[in-house]
Amino acid sequence: MNLRAYILKRLFLSIFVLIGLSIVIFIIARVVPGDPARMALGPRAPQYAVDQLRQEMNLDQPLPTQYYYWVKGVLVGDLGKSLTTKRAVADDVKEFLPATLELAFIAAIFVVIFSIILGTLAAKYRNKWVDTVIRVMAYTGVAVPAFVLAVLFLLLFGYIWPVIPVLGRLSPEIMPPPTITGLITVDSLITGDLSAFWDALKHLILPALALAMGPLFQEARIVRSAMTDNMSKDYLAAAVGYGIPSSVIMRKYLLKPSLIPAVSVMGLDIASLMGNAFLVEVIFNWPGISRYGMEAMLRKDLNAISAVIIVFGVIFVLVNIIVDLIVAYLDPRIRLGGKV
Amino acid sequence: MDNPILDIRDLHVWYRTYGGYAKVLDGVNLFVHKGEKVGLVGEAGCGKTTTMRSVLRILPESQVHTPRGQILYHGQDILQMNQRELHHVRTGGVSMIFQEPAAALNPVFTVGTQITDVIKYSGLSKQEKQKDNIKNLAMQAISEVYIADPERIMNSYPNQLSGGMKQRICIAMAIVTARELLIADEPGTALDVTIQDQVHKLLRGLVEKKGMSLIMITHSLGVAREMTDRIYVMYAGNIVEVAKSGDLFRKPRHPYTLGLLESVPKLTGGGMAEGIYGQIPDYLRPPGGCRFHPRCPRAIARCQEEKPNLADLGDGHQVACFQV
Ligand SMILES: Nc1ncnc2c1ncn2[C@@H]1O[C@H](COP(=O)(O)OP(=O)(O)OP(=O)(O)O)[C@@H](O)[C@H]1O
Ligand code: SF4
Ligand SMILES: [Mg+2]
């Protein structure tokens, strides 16, 4: 199958996944107890005002009708109004999504680079002290939740050793670049504002690291075990026997086949980064969509919840397609569909 | 006669396992002269592959223990070599064709990448390693194993090739730069009989054309007789008999060899030790004395106590047995 047909097919199938997801989240958000209109207006608001809001939001209609109205809006880009921010949800998404995208992207880079480096090192020095140190770090990294790390980073770099900024996306004295993509690093590069770029990057490091730490070590373990498994393969013994230097064997003949299982898991973890980011965003005062989504859930802000979930769903689908493409690139047995 | 290229002396190789040491090789002696073709025959699990992988030092280092023995390559012990010397042996001295061609090729790189890397890291001069020349050498080697359209093969991944093709590519990888000694581990066994036959002919032709020495591992005494000048018979990590190929068939002496010959002729390679009752021993608790004694029709009390050494019968014929 050629690449284009494959991608189109995947995208086509994803539409059904997203429709299913939207229905599920639509129903769940509405059947959990609590009246969104009452919550939005507060306990003291008169009943008639609440009723009026319910009517405005079509909450007095049966669920299928509500869903119909919602889909109709979504199709023309109208995600409805947020009860919390009192703005169009679409505007909220536009404002908060880039911050989280940027954060997750940097975290993903950390995951990919460090898991490969640490996994390779651990495999190369397996059962030696390097491996042991990485293993202990991995157990810690996997066991400690991202928000605990976030708090630790905040304490360490906010108070004890303030070498790197800990709050927000930019230092107050830096003029933010004009919003083009909403990703400050990208926008500042486009406008050639290097000091803003550098400052934004520094702000990204700690939250991204806190977010990346768990998946990073998990993946490092997968890379290590795939590599040690493959080490006993004949093709490696053969390569050693032909006199290929061990450095080339490690980074080429061993690494590539070993990345195949790791990449699939990495993809899932990276796709989940955004959803998992809310506590990190809260702690680092990061104006991201994960935090926005969490607040929406606490307030039963129906339109916001649906929008955020759908956005996460789209990103999940896209990341998975990208991952499949990378796996296909790495593994000719999949790409060429030959006998395995 | 001049000195051998390779001279394995009293080689002991053990594997660490959960149950303790598997004492597989128990004093292997084997040598090859320049231009000589030598066969190594024995039933499955007797340690043929272990012996030959030791020569290139490609056994899993962490699992292997070598309590005794030497592998002399032009008089220098491979087991004591440093990485640089070892590299020299691997790139210019000895190359090996693996038992399973499908497993010996990396599934995620093209044939071209794999074969050109062999050239790139070989002992050739800088000049010979220019990009065009590397490609030419690779294509030439592929043509030499009788594959048409080397260009297309270079761009293929192993799983796009048939079993016979993979086998040929493995041979091409082993001969793409000059080597003194080629070790072929049961070439063609994974293939059907006619292709196997072609592979054997191909190998013999290449070895003779290039003046290489050959160690040919096989299950089949018949194949060994056709292909080689001398045959080593191996049982449970020991060489039990060695003779010129003709002599081994005319006047076999070791009870194990006799048993093997009874189960010849066979058309296929596998399951050859049917003429002999019993199985190869458990290497965790190998029998004392002569390792063959539990299966030997001629065993005497001494065989359980003492290990027979290879004794000369003249003209290079050697047997390790008290009852000869
Ligand atoms: N890594 C290992 N760990 C433990 N035991 C091993 C290991 N590799 C091989 N062995 C054992 O060593 C013995 C000899 O194996 P080897 O592969 O050398 O036999 P072989 O003569 O080549 O057999 P075959 O004809 O089946 O290829 C076998 O009993 C095998 O189970
Ligand atoms: S030494 Fe004894 S047991 Fe071993 S082969 Fe000879 S007769 Fe048989
Ligand atoms: Mg073998």
Side-chain angles (χ1 to χ4, degrees), chain A residues 116 122-132 223-264 325-340, chain B residues 49 52-53 55-63 83-84 86-111 113-123 155-163 166 170 173-177 179 183 185:
Chain A
I116 291 176
K124 184 166 179 187
Y125 300 105
R126 69 199 164 286
N127 306 326
K128 308 257 167 60
W129 67 265
V130 178
D131 185 24
T132 312
V223 170
R224 179 204 181 270
S225 74
M227 283 182 116
T228 42
D229 282 353
N230 286 335
M231 272 177 189
S232 60
K233 293 274 163 71
D234 273 3
Y235 58 73
L236 275 200
V240 176
Y242 295 133
I244 312 264
S246 58
S247 57
V248 178
I249 288 183
M250 282 304 283
R251 74 179 135 79
K252 184 170 179 182
Y253 287 106
L254 180 56
L255 185 59
K256 191 172 171 193
S258 306
L259 279 184
I260 293 165
V263 164
S264 310
L325 291 178
I326 294 176
V327 169
Y329 162 76
L330 288 174
D331 193 344
R333 290 164 297 185
I334 293 175
R335 173 157 30 106
L336 304 166
K339 45 194 161 22
V340 178
Chain B
T49 301
M52 289 309 146
R53 288 198 183 195
V55 172
L56 281 170
R57 285 214 348 224
I58 50 176
L59 288 170
E61 223 158 89
S62 59
Q63 293 166 34
Q83 284 302 319
R84 197 178 48 79
L86 195 57
H87 185 73
H88 191 68
V89 175
R90 285 168 175 168
T91 53
V94 184
S95 63
M96 180 157 170
I97 300 165
F98 277 59
Q99 197 162 348
E100 307 258 356
L105 294 170
N106 197 315
V108 300
F109 291 95
T110 60
V111 167
T113 304
Q114 299 185 52
I115 198 165
T116 50
D117 266 359
V118 175
I119 307 171
K120 202 151 101 194
Y121 299 106
S122 71
N155 292 322
S156 304
Y157 289 90
N159 70 310
Q160 295 174 293
L161 306 176
S162 69
K166 280 182 227 169
C170 286
M173 306 253 290
I175 57 142
V176 67
T177 58
R179 300 288 205 290
I183 299 172
D185 194 350

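To find a chain, count down the sequence lines: A is the first, B the second, and so on, and within it residues start at 1. Not measured: the values here are computed from a predicted model.
Listed for the B:Asn106 side chain is a donor-acceptor partner under 3.5 Å among the backbone atoms of A:Tyr253. Between the side chain of A:Lys256 and the backbone N or O of B:Val108 there is at least one donor-acceptor pair closer than 3.5 Å.
Residues from residues 243-251 of chain A that place a non-hydrogen atom less than 4.5 Å from a non-hydrogen atom of chain B comprise A:Gly243, A:Ile244, A:Pro245, A:Val248, given in numerical order. At a heavy-atom separation below 4.5 angstrom, chain B is approached by A:Asp234, A:Tyr235 within residues 226-236 of chain A.
For B:Arg179, the side-chain hydrogen bond (donor to acceptor under 3.5 Å, both in side chains) test picks out B:Thr177, with sequence neighbours left out. Applying the salt bridge (Lys or Arg N to Asp or Glu O under 4.0 Å) test to B:Lys120 and every residue at least two apart in sequence or in another chain returns B:Asp117.
The neighbour count for B:His87 NE2, taken as heavy atoms of other residues, nucleotides or ligands under 6.0 Å away, is above 12.
Side-chain contact between A:Tyr242 and B:Arg90: absent, with no pair of heavy atoms (C-beta onward) separated by less than 4.5 Å.
In this structure, the portions of B:Thr113 lying under 4.5 Å from any heavy atom of chain A include both its backbone and its side chain. For B:Gln114, the parts lying under 4.5 angstrom from a heavy atom of chain A are both the backbone and the side chain. If you measure heavy-atom distances from B:Leu56 to chain A, the contacts under 4.5 Å come from the side chain alone. Within the 4.5 angstrom heavy-atom criterion, atoms from both the backbone and the side chain of B:Pro107 approach chain A.
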